[in-house]
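Working notes for the structure below.
Keep in mind that this is a model prediction, so the values were computed, not measured.
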Amino acid sequence: MLLLLKTKNYIPDISMLCAILLIAVYPILLSCSNSSETTSTEEEDKTIKADGVVAADGTGDYKTVQEAIDAAPDNAQESYYIYIKNGIYKEVITVPRNKDHIHLVGEDAATTVLTYNNYASRIKPDGSDYGTSGSASFFVRGNNFVAENITFENTAGINAGQALAINIGGAHSSFRNCRFLGHQDTWYAGNGTYQYLKDCFIEGSVDFIFGGSTAFFDNCQLESTRNGYITAASTPEDQAYGYVFHQCTLTARSEIAKSSVYLGRPWRPHAQAVFIDCAMDKHIQQSGWHNWGNPDNERTAFYAEFNSRGWGASPETRVSWSRQLPAEEAVKFSYDKVIAGKHPDFIADDINLDIEP
């Protein structure tokens, strides 16, 4: 009986305790609920919906890349994602000036191929020739263009002369894990434009990276297809930077002779090309640089290296008018100094592109 009375006396205290516990625990429960909702939202945010899918076999929204680009909104303010399935797309493709923020994503760089075979001296239906700039397989005119996992190719052949794989005129662009295949004049970008290339492969024979842009090549492979010149920069005199090659690898086809490929020659007097911490194979000319037959270019061109390595790295035999940079000068050609904030972003590694209908 006494036990029963004591229990009854404690009943109000237990109710009060429960109320106190509820007040204390509720914020924690609410926090957990919000955390769960936040986690769910974050997971949902890790997927981007493709705006269009290209498939040569007809299993996508479009059968050609040009159709997909044409369908993009004019003067866009945010990225328009086009996914390209594996296939060989033989078409001359143009990203027009009013198609900004086009973002192309290939299924696989080796098997998603955008190709054509025009060349400078080829005659067009109207009787004129294509010319160097008009020979490209792919034209970038829109701003903030991005390409990932794609091959840009010109198959005109090694004896065709100038034949561009890509012609870049858009102000800002980025390329990751892309391949640029051709021979003479493979990759071109115009004066005053900016490009960031990450983990790309560029091949060619003569002047296969040329133009007047500011371009930062990060961990790229430059493959020579015959003896010749890698760069032919036409950097404007008032432009701070030209080409910067950072931790790149310079290779050549097995038949290419030793010491037969120059790092560059100046297409215009104030050409700039700088190689930072690059590996150079035996095909690289021991003298390194060429003046394009004009001694006056030696006073105006800026050609430099820092910490080159490999058989082709030969500081003691480089032409006297080129430079071997000390460490304190080499830092002036870092990513942050040259191109940071001047190119559009890639898709983050933890983001998935949803291509389902």
Verify whether one side chain among T249 and Q221 offers a donor that lies under 3.5 Å from an acceptor in the other. no
Using distance alone, with no hydrogens and no angle criterion, decide if N227 and S260 have a side-chain donor and acceptor under 3.5 Å apart. no
Let me check something: do I69 and L353 share a hydrophobic cluster, defined by ILVMFWY side-chain heavy atoms less than 4.5 Å apart, either directly or through other members? no
Indicate yes or no: does E305 engage R318 in a salt bridge with an N to O separation below 4.0 Å. yes
Look at the aromatic rings of W289 and Y303 and report parallel, tilted or perpendicular, splitting at 30° and 60°. parallel
Does the separation of the ring centres of Y194 and H172 fall below 6.0 angstrom? yes
Check this for me, if you would: do E203 and R253 make a salt bridge, where the nitrogen-to-carboxylate-oxygen distance has to be below 4.0 angstrom? yes
Just by distance, with hydrogens left out, do T59 and K85 show a side-chain donor and acceptor under 3.5 Å apart? yes
Is a side-chain N or O of T317 found less than 3.5 angstrom from the main chain of S314, in a donor-acceptor match? yes
Strictly by modelled atom types, are H270 and T300 linked by a side-chain donor-acceptor pair under 3.5 Å? no
Single hit among D207, N291, N294, T231 for side chain to side chain donor-acceptor pair (under 3.5 Å) with R265: D207
Taken to the nearest 0.5 Å, the spacing of E329 CD from Q324 CD works out to 11.5 Å
Between S259 and Q286, which heavy-atom pair has the shortest distance, and what is it? OG-N, 3.2 Å
Using the side-chain contact (heavy atoms from CB on, under 4.5 Å) rule, take H101 and F145 through it: C-alpha gap first, then chi angles, then the decisive distance, then the call. CA-CA 5 Å; H101 295 281; F145 173 81; over 6 Å; no
Considering all heavy atoms, the nearest R226-S205 contact: CG-CB, 3.0 Å
Atom OG1 in T225, atom CD1 in I158: separation rounded to 0.5 Å? 4.0 Å
Taking CD in E328 as the centre, count heavy atoms belonging to other residues, nucleotides or ligands within less than 6.0 Å. Is the count above 12? yes
Flag the pair D129 and K124 as a salt bridge only when some basic side-chain nitrogen lies within less than 4.0 angstrom of an acidic carboxylate oxygen. no
Do the side-chain N and O atoms of D126 and S128 include a donor-acceptor pair separated by under 3.5 angstrom? yes
For the hydrophobic clusters of this structure (ILVMFWY residues joined by side-chain heavy atoms under 4.5 Å, transitively), does one cluster hold both I168 and V92? no
Nearest atoms (heavy-atom pairs only) where W292 meets A232: CZ3-CB, 4.1 Å
Any side-chain to backbone donor/acceptor pair from N167 onto V140? Under 3.5 Å, distance only. no
Does this structure show an ion pair linking K99 with D70, if we count only N-O contacts that are shorter than 4.0 Å? no
Test item: side-chain donor near acceptor, N143 and D100, under 3.5 Å: no
Please step through side-chain contact (heavy atoms from CB on, under 4.5 Å) for the pair D277 and R309, ending with a clear verdict. CA-CA 7 Å; D277 196 24; R309 61 189 184 278; 2.9 Å; yes
Taking every heavy atom of S135 against every heavy atom of L164, the minimum-distance pair comes out as OG-N, 3.2 Å
Kindly indicate, with the supporting measurements, whether the criterion side-chain contact (heavy atoms from CB on, under 4.5 Å) is fulfilled by Q162 and Y119. CA-CA 6 Å; Q162 294 105 327; Y119 50 94; over 6 Å; no
Please round to the nearest 0.5 Å and tell me the distance separating atom OG of S133 and atom CG of D185. 10.5 Å
Roughly how far, to the nearest 0.5 Å, is the CZ atom of F208 from the OG atom of S224? 4.0 Å
Is the shortest distance from a Lys or Arg side-chain nitrogen in E148 or R176 to a carboxylate oxygen in the other one below 4.0 Å? yes
Any sub-3.5 Å donor-acceptor pair from D61's side-chain atoms to V53's backbone N or O? yes
Does any N or O in the side chain of Q184 come within less than 3.5 Å of the main-chain N or O of A160, such that one atom is a donor and the other an acceptor? no
Looking at A163, is its backbone amide N or carbonyl O close enough to the side chain of Y130 to form a donor-acceptor pair, meaning the two atoms are under 3.5 Å apart? no
Cut-off 3.5 Å, side chains only: do T193 and Q195 have a donor facing an acceptor? yes
Show the numbers, then the answer: is there a side chain to side chain donor-acceptor pair (under 3.5 Å) between D199 and N177? CA-CA 5 Å; D199 301 334; N177 192 33; over 6 Å; no
Should we count NZ of K63 as having more than 12 external heavy atoms under 6.0 Å? no
Residues, nucleotides or ligands: over 12 heavy atoms within 6.0 Å of D350 CG: yes
Quick one about N219 and Q247 (side-chain donor to acceptor, distance below 3.5 Å, no hydrogens or angles considered), yes or no? no
Out of W187, F333, Y335, F201, which residue meets the ring-ring contact (aromatic ring centres under 6.0 Å, His included) rule with F217? W187
Is it the case that T115 and E153 place a side-chain donor and acceptor less than 3.5 Å from each other? yes
Go through the steps for T64 and V54 under the test side-chain contact (heavy atoms from CB on, under 4.5 Å), then give the verdict. CA-CA 6 Å; T64 71; V54 181; 5.7 Å; no
Same hydrophobic cluster for L222 and I256, using side-chain heavy-atom links shorter than 4.5 Å among ILVMFWY? yes
Would you say CD1 of I88 has more than 12 non-hydrogen atoms from neighbouring residues, nucleotides or ligands within 6.0 angstrom? no
Between T47 and N352, is there a side-chain donor-acceptor contact under 3.5 Å, judged purely by atom types and distance? no
With rounding to the nearest 0.5 Å, note down the distance linking CD1 in I93 to CG in L104. 8.0 Å
Is there a donor in the side chain of Q285 and an acceptor in the side chain of S287, or the other way round, less than 3.5 Å apart? yes
If you group Ile, Leu, Val, Met, Phe, Trp and Tyr by side-chain heavy-atom gaps below 4.5 Å, do Y229 and I284 land in one group? no
Would you say the side chains of R268 and N297 form a donor-acceptor pair under 3.5 Å? no
H283 versus L250, closest heavy-atom pair with distance: CE1-O, 3.2 Å
Check for me whether the distance between the ring centres of F210 and W267 falls short of 6.0 Å. yes
By the definition side-chain contact (heavy atoms from CB on, under 4.5 Å), identify the one residue from T151, L114, I150 that meets it with Y89. L114
Kindly work out whether a path of hydrophobic side-chain contacts (I/L/V/M/F/W/Y, heavy atoms less than 4.5 Å apart) joins M280 to V261. yes
For R323, look at atom CZ and say whether over 12 heavy atoms of other residues, nucleotides or ligands are found less than 6.0 Å away. no
Cation-pi geometry met for K198 and F175 (6.0 Å, 45°): no
Between F245 and C278, the two heavy atoms sitting closest are O-SG, 3.3 Å
E107 side-chain N/O to Y83 backbone N/O, donor-acceptor pair under 3.5 Å: no
Nearest 0.5 Å please: distance from the CG atom of D218 over to the OG atom of S174. 11.5 Å
Mark yes when over 12 heavy atoms from residues, nucleotides or ligands other than E255 sit less than 6.0 Å from its CD; otherwise mark no. yes
